[in-house]
Novice: 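I have a structure here, written as structure tokens, and I will follow up with some questions on it.
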Amino acid sequence: MQKTWVGLSGLVAAVAFIALLAGTAMAALDAGPSSSPDPSGSPAPCSTGTSLPTLPPSNSPPTAPATLEVVRVLLNSVELRWTAATDNNGIACYRVRERRDGTATTMATFQATATEGTVYLPWPPSGVPSQTHILDVVAVDTWNTPGPASPTVTVTIYNDVISSPTPPPVGDCDVTYASWAWNSGMSTNLTITNTGSTPIRDWRLTFDFPDAGQRVTSGWSAAWSQTGTAVTAGHPHWNSDIAPGQTLRIGFTGSSTGSNPAPTAFYLNGARCRIAP
């Protein structure tokens, strides 16, 4: 039998080569699976990075939200509502911004389907009784391109003082409210009358329950929802407009853990309605 002898130097070289191969394999495993880079080099939509370096020829910015309104102010939180923007590539998010000294700073970002949200503004500096903030909202499309800004609203934050925005003007609407309570339940009928000369489009009635124990459980002729004591009756898809002189009849059943007082104010598309007897 023929024997082959390997010199010490050859053995050392072989061991070193095997170790090198093993190290390369382990490095590949540590690196994880490979992935090809995003050819556009763009950040995720609505990120804090810059917009795309090269936009597609057909890209255009989103439209501006047509309206922006203050729903309520509580301490330093501001609840806002705006109309939806449109974009041929789709909306990715909305940014609520504060305008100050010629610059616009993003204060909050909301998902693409949002048309309202709460923004927390900074407290006035120590010793300053109040501070005014000018806010707007912009839509951002899926290419991370912001559109033009909405009209602005002005909000004043007071040091440790609860405030409300200036009451909106009285609109061309009358509301009646009649509720019957029993034990812990209630049934309520409302009417909404357009007293103006033009249709009220995409109507939305809002009011606040005076008692925290009042709750809407189900309703009819409107899309009912409640957050805290705030109640919203949105138009159904088959009855979105109120013609001049037309009266809608809507209602709900609910529960109450205490008294069942009637709301003191009703708002139709942001305008305060008269309460009819």
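Sequential numbering from 1 along the given sequence is applied to the chain's residues.
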Novice: Is it true that a side-chain atom of T217 and a backbone atom of T253 form a donor plus acceptor pair closer than 3.5 Å?
Specialist: yes
Novice: Quick one: list whatever passes side-chain hydrogen bond (donor to acceptor under 3.5 Å, both in side chains) with T247, sequence neighbours left out.
Specialist: T193
Novice: Taking only residues at least two apart or on different chains, which pairs with a member in residues 186-272 satisfy disulfide bond (SG atoms under 2.5 Å apart)?
Specialist: none
Novice: Test L135 against V137 for side chain to side chain contact (heavy atoms under 4.5 Å, CB included), laying out the working first.
Specialist: CA-CA 7 Å; L135 305 176; V137 60; over 6 Å; no
Novice: Which residues satisfy the salt bridge (Lys or Arg N to Asp or Glu O under 4.0 Å) test with D208, sequence neighbours excluded?
Specialist: R72
Novice: Quick one: closest heavy-atom pair of P148 and P62, and the distance?
Specialist: CD-O, 3.1 Å
Novice: Of all the heavy-atom pairs spanning A85 and A139, show the shortest one and how long it is.
Specialist: CB-CB, 3.5 Å
Novice: Donor-acceptor pair, distance only, cut-off 3.5 Å: does the side chain of N269 make one with the backbone of R204?
Specialist: yes
Novice: Not counting sequence neighbours, list each pair that qualifies as a salt bridge (charged side-chain N to carboxylate O under 4.0 Å, His left out) and has a residue in residues 226-237.
Specialist: none
Novice: What's the separation between atom CD1 in I157 and atom CD in Q131, rounded to the nearest 0.5 Å?
Specialist: 9.0 Å
Novice: Let me see the working for R274 and T195 under side chain to side chain contact (heavy atoms under 4.5 Å, CB included), right down to the final yes or no.
Specialist: CA-CA 10 Å; R274 290 171 291 272; T195 60; 2.9 Å; yes
Novice: Tell me every residue that passes salt bridge (Lys or Arg N to Asp or Glu O under 4.0 Å) with D202, counting only those two or more places apart in sequence or in another chain.
Specialist: none
Novice: Can you list everything that forms a salt bridge (Lys or Arg N to Asp or Glu O under 4.0 Å) with D172? Sequence neighbours excluded, please.
Specialist: none
Novice: Determine, using the 4.5 Å side-chain heavy-atom cutoff (strictly less than), whether W123 and V78 are members of one ILVMFWY cluster.
Specialist: yes
Novice: By the rule that ILVMFWY residues connect when side-chain heavy atoms come within less than 4.5 angstrom, directly or transitively, which residues belong alongside V231?
Specialist: V175, Y177, M186, L190, I192, I200, W203, L205, F207, F209, V216, W224, I242, L248, I250, F252, F266, L268, I275
Novice: Only counting residues at least two apart or in another chain, list the ones meeting salt bridge (Lys or Arg N to Asp or Glu O under 4.0 Å) with R81.
Specialist: E69, E116
Novice: Go through the steps to decide whether R100 and T105 satisfy the test side chain to side chain contact (heavy atoms under 4.5 Å, CB included), and finish with yes or no.
Specialist: CA-CA 8 Å; R100 186 176 296 276; T105 303; over 6 Å; no
Novice: Who passes side-chain hydrogen bond (donor to acceptor under 3.5 Å, both in side chains) against D136, sequence neighbours left out?
Specialist: R97, R99
Novice: Distance-only, no hydrogens or angles: does the D211 side chain make a donor-acceptor pair with backbone N or O of N260 under 3.5 Å?
Specialist: no
Novice: Show me the pairs that pass salt bridge (charged side-chain N to carboxylate O under 4.0 Å, His left out) and involve residues 121-132, at least two apart or across chains.
Specialist: none
Novice: Mark yes or no for whether N194, through its side chain, and G196, through its backbone, hold a donor-acceptor pair below 3.5 Å.
Specialist: yes
Novice: Under 4.5 Å between any side-chain heavy atoms of Q246 and P199, yes or no?
Specialist: no
Novice: Give me the other members of the hydrophobic cluster that V138 sits in, counting Ile, Leu, Val, Met, Phe, Trp and Tyr linked by side-chain heavy atoms under 4.5 Å, directly or via other members.
Specialist: none
Novice: How far apart are the closest heavy atoms of P61 and G147, and which atoms are they?
Specialist: CB-CA, 4.0 Å
Novice: To the nearest 0.5 Å, what is the distance between CG on L80 and OH on Y94?
Specialist: 14.0 Å
Novice: If every non-hydrogen atom of R272 is compared with every non-hydrogen atom of T264, which pair is closest and at what distance?
Specialist: NH2-O, 3.5 Å
Novice: If you compare all heavy atoms of S150 against all heavy atoms of A64, which two are closest, and at what distance to 0.1 Å?
Specialist: N-CB, 4.4 Å
Novice: Salt bridge (charged side-chain N to carboxylate O under 4.0 Å, His left out): which pairs involve residues 225-247, sequence neighbours left out?
Specialist: R201-D241
Novice: Would a distance-only check, ignoring hydrogens and angles, find a side-chain to backbone donor-acceptor pair under 3.5 Å from T176 to A276?
Specialist: no
Novice: For S187 versus W182, what's the shortest heavy-atom pair and its separation?
Specialist: N-CZ3, 3.4 Å
Novice: Donor-acceptor pair, distance only, cut-off 3.5 Å: does the side chain of T83 make one with the backbone of T67?
Specialist: yes
Novice: Would you say the side-chain atoms of T152 pair up with the backbone N or O of I134, donor to acceptor, closer than 3.5 Å?
Specialist: no
Novice: Is D141 reaching over with its side chain to a backbone N or O of T145, donor-acceptor style, under 3.5 angstrom?
Specialist: yes
Novice: Could you check whether any side-chain N or O of T106 sits under 3.5 Å from a backbone N or O of R95, counting only pairs where one atom can act as donor and the other as acceptor?
Specialist: no
Novice: Any donor-acceptor pair under 3.5 Å linking the side chain of R215 with the backbone of G228?
Specialist: yes
Novice: Assess, by modelled atom type and distance only, whether the side chains of S255 and S184 contain a donor and an acceptor separated by less than 3.5 Å.
Specialist: no
